[in-house]
There are 2 protein chains.
Amino acid sequence: MNRVLVVDDEPQIVRALVINLKARKYEVDSASDGATALRLAATRHPDVVVLDLGLPDMDGVEVIKGLRGWTRVPILVLSARQTSDEKVEALDAGADDYVTKPFGMDELLARLRAAVRRAEPVGAGGGAAVVRTEGFTVDLAAKKVTRDGADVRLTPTEWHLLEVLVRNTGRLVSQKQLLQEVWGPSYGTETHYLRVYMAQLRRKLEADPSHPRHFVTEPGMGYRFER
Amino acid sequence: MNRVLVVDDEPQIVRALVINLKARKYEVDSASDGATALRLAATRHPDVVVLDLGLPDMDGVEVIKGLRGWTRVPILVLSARQTSDEKVEALDAGADDYVTKPFGMDELLARLRAAVRRAEPVGAGGGAAVVRTEGFTVDLAAKKVTRDGADVRLTPTEWHLLEVLVRNTGRLVSQKQLLQEVWGPSYGTETHYLRVYMAQLRRKLEADPSHPRHFVTEPGMGYRFER
DNA sequence: CTCCCGCGTAAAAAAAGCGTCAACAGCATG
DNA sequence: CATGCTGTTGACGCTTTTTTTACGCGGGAG
């Protein structure tokens, strides 16, 4: 889940934000002055910062610059000041968004989501994209399989089958599920295909293809990939 | 020089934006309806889109979704509607920012700068935008390819294709992704184009074009650039 | 013990995909 | 107006991939 750093010197605003954010399963840290904010940002590495400009100890723009010196974390500025100059200054200092008080909680949360979303890396897939065994390595993101340092060439069907199995490492995948995921929803009984392609995967990846260690047959049920 | 796509059905707003943007050295395209906007976005590849939600031919949120189907270009929404629901809907559909009319030009431009800035690749401040192989060198920033000390002349399409591949060095890029990024979202099955242009890239860059080392074909899946 | 079914393997036939050459149209340039 | 460049499209031979067919093996049921 995402971590948010809330920075505001008005306790009631902090409380309202914290309650709303926690209800939506964000992890929340809070600070009421700039120095604390910078320290927390450095130690806690939030995914987004909500920053009030009117802080007691330092100018809000200085906080933005302090953050931008070392991180690109999204900064959502919150301010009572509505003048155009203030907004321009904050945005050009490195803020990502600027919301004037009083603000609607729904809107603020939506802007927060937008900020978090666009900060996500391109590969939106969750989880480790590389799976290693002692014999070979599968890189889901690059769609690449390596064995003894050399690339292994897989056909689209072989790759797709491998992908489904690896994404379910350790779990049994039924024949029907494999067929439908790889060949399409109208397939489900053509277990021939599985035997043929399993043999090819084993030939390309198993040290001893006739005694497979990683691509295990569960007779009558399906197949299982073991790391 | 950044390219902006302005979408609004009120001519005076478009004119005001275009004048201000051009004065600040942006390249500007404009559209007055959603269909044109989507087409221009596909063909011109703007760095940021300024989108009015009240278009004559389609719902603004649909335009956002149409863009988000294939690109992460920043979208700055412009709208006369101020209700929280509208904002939330647009932001959650994939917009990056939401400004209500009437708006201050200074603020809009500052938000535009913020949107463009954060969309820049991480290594933008002098990072390694140059990729070298033993045969040739690609400079992403300068949009230049060098081989044996001499510049290689690439057509716009060739360059675009090369760019996508190089930005994904080592990763397999699917045929569909290549087609959509280079030719636009309505393409996806015209694999013929890829074959023709791959051949041209190889002829210009590979030492032995018929045995490519860097532009690898993964039959049925896509292509991969290897350094 | 024998039969039968599911499994693995191999090799065929069929289909799909790839690279290449060449022609053509649109467009900007000179 | 001619020219050259670019992007699009078609045709063809060839290779790879998928599908289909065939056959041997082994374990469990009867």
Side-chain angles (χ1 to χ4, degrees), chain A residues 143 145 151-163 165 172-176 178-184 186-224, chain B residues 39 42-45 143 145 151-165 172-176 178-184 186-224:
Chain A
K143 288 207 193 326
V145 181
D151 288 0
V152 179
R153 190 156 247 291
L154 295 185
T155 72
T157 308
E158 286 164 6
W159 171 260
H160 207 157
L161 183 59
L162 175 66
E163 197 177 18
L165 288 169
L172 169 67
V173 188
S174 75
Q175 304 183 352
K176 188 169 181 178
L178 283 171
L179 283 165
Q180 294 195 338
E181 289 220 32
V182 176
W183 278 269
S186 61
Y187 292 74
T189 57
E190 292 80 348
T191 56
H192 275 18
Y193 292 6
L194 290 180
R195 288 200 283 282
V196 172
Y197 276 91
M198 269 308 180
Q200 285 172 357
L201 274 185
R202 284 166 174 157
R203 186 146 19 100
K204 290 185 178 181
L205 298 179
E206 290 275 7
D208 180 0
S210 53
H211 299 95
R213 289 197 47 191
H214 304 102
F215 299 97
V216 186
T217 304
E218 303 279 0
M221 313 198 58
Y223 294 86
R224 179 200 311 275
Chain B
R39 189 168 45 73
T43 54
R44 304 277 295 165
H45 292 279
K143 290 202 191 302
V145 183
D151 285 4
V152 180
R153 187 163 169 63
L154 295 184
T155 73
T157 308
E158 285 165 6
W159 169 261
H160 209 333
L161 182 60
L162 175 66
E163 193 178 20
V164 175
L165 287 168
L172 171 67
V173 188
S174 75
Q175 308 178 126
K176 189 169 179 180
L178 284 171
L179 283 165
Q180 295 198 334
E181 290 219 29
V182 177
W183 279 269
S186 62
Y187 293 74
T189 56
E190 292 80 349
T191 56
H192 202 137
Y193 290 9
L194 291 179
R195 290 201 284 280
V196 172
Y197 275 89
M198 269 308 174
Q200 287 172 359
L201 274 185
R202 283 167 175 158
R203 199 163 46 236
K204 291 185 178 181
L205 298 178
E206 289 275 5
D208 179 0
S210 55
H211 299 95
R213 291 194 45 190
H214 304 102
F215 299 97
V216 185
T217 303
E218 301 280 1
M221 301 200 285
Y223 293 86
R224 183 199 308 276

Per the side chain to side chain contact (heavy atoms under 4.5 Å, CB included) rule, which among A:V152, A:L201, A:D151 passes with A:V145? A:V152
5' priority, DNA chain D, between B:R153 and B:E190 [closest heavy atom]: B:R153
Write down the distance between [atom1] ([X]) and [atom2] ([N]), rounded to a whole number of angstrom.
| X | N | atom1 | atom2 | answer |
| --- | --- | --- | --- | --- |
| A:L194 | D:dT20 | CG | C1' | 15 Å |
| B:E206 | C:dG19 | CD | P | 12 Å |
| B:Y197 | D:dT8 | OH | C1' | 8 Å |
| B:M198 | D:dG7 | CE | C1' | 16 Å |
| A:D208 | C:dG8 | CG | P | 14 Å |
| B:E158 | D:dG7 | CD | P | 7 Å |
| B:Y193 | C:dT20 | OH | C1' | 18 Å |
| A:L161 | C:dG8 | CG | P | 12 Å |

Please tell me if the side chains of [X] and [Y] come closer than 4.5 Å, counting only heavy atoms from C-beta onward.
| X | Y | value |
| --- | --- | --- |
| A:R153 | B:P219 | yes |
| A:K143 | B:E218 | no |
| A:H160 | A:T157 | no |

Side-chain N,O (B:T217) to OP1/OP2 (C:dG19) below 4.0 Å: yes
Does OP1 or OP2 of D:dT18 have a side-chain N or O of A:T157 closer than 4.0 Å?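 Yes, because at least one side-chain N or O of A:T157 sits under 4.0 Å from OP1 or OP2 of D:dT18.
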[X], nearest nucleotide to its side chain (from [options]):
| X | options | answer |
| --- | --- | --- |
| B:H192 | D:dT6, D:dT9, D:dT18 | D:dT9 |
| A:Y223 | C:dG8, D:dG7, D:dT18 | C:dG8 |
| A:S210 | C:dT9, C:dT20, D:dT6 | C:dT9 |
| A:W183 | D:dT19, D:dT6, D:dT17 | D:dT19 |
| B:A199 | D:dT6, C:dT20, D:dT18 | C:dT20 |

Please name all residues satisfying ring-ring contact (aromatic ring centres under 6.0 Å, His included) with A:Y223, sequence neighbours left out, ordered by chain then number. none
What pairs of nitrogen or oxygen atoms, one from the protein and one from nucleotides 10-17 of chain C, lie under 3.5 Å apart?
none

Relative to each other, are the rings of B:Y193 and B:Y187 parallel, tilted or perpendicular (30° and 60° limits)? tilted
Should the heavy atoms of other residues, nucleotides or ligands under 6.0 Å from NZ of B:K176 be counted, would the total exceed 12? no
In terms of heavy-atom contacts, does CZ of A:R224 have more than 12 from other residues, nucleotides or ligands at under 6.0 Å? yes
Describe the nucleic acid contact of A:F215 in one word from base, sugar-phosphate, nothing, applying a heavy-atom distance below 4.0 Å.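 The answer is nothing, as A:F215 stays clear of every strand by at least 4.0 Å.
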Under 4.0 angstrom, heavy atoms only, what part of the nucleic acid is A:W159 near: base, sugar-phosphate, or nothing?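 A:W159: no heavy atom of the nucleic acid under 4.0 Å.
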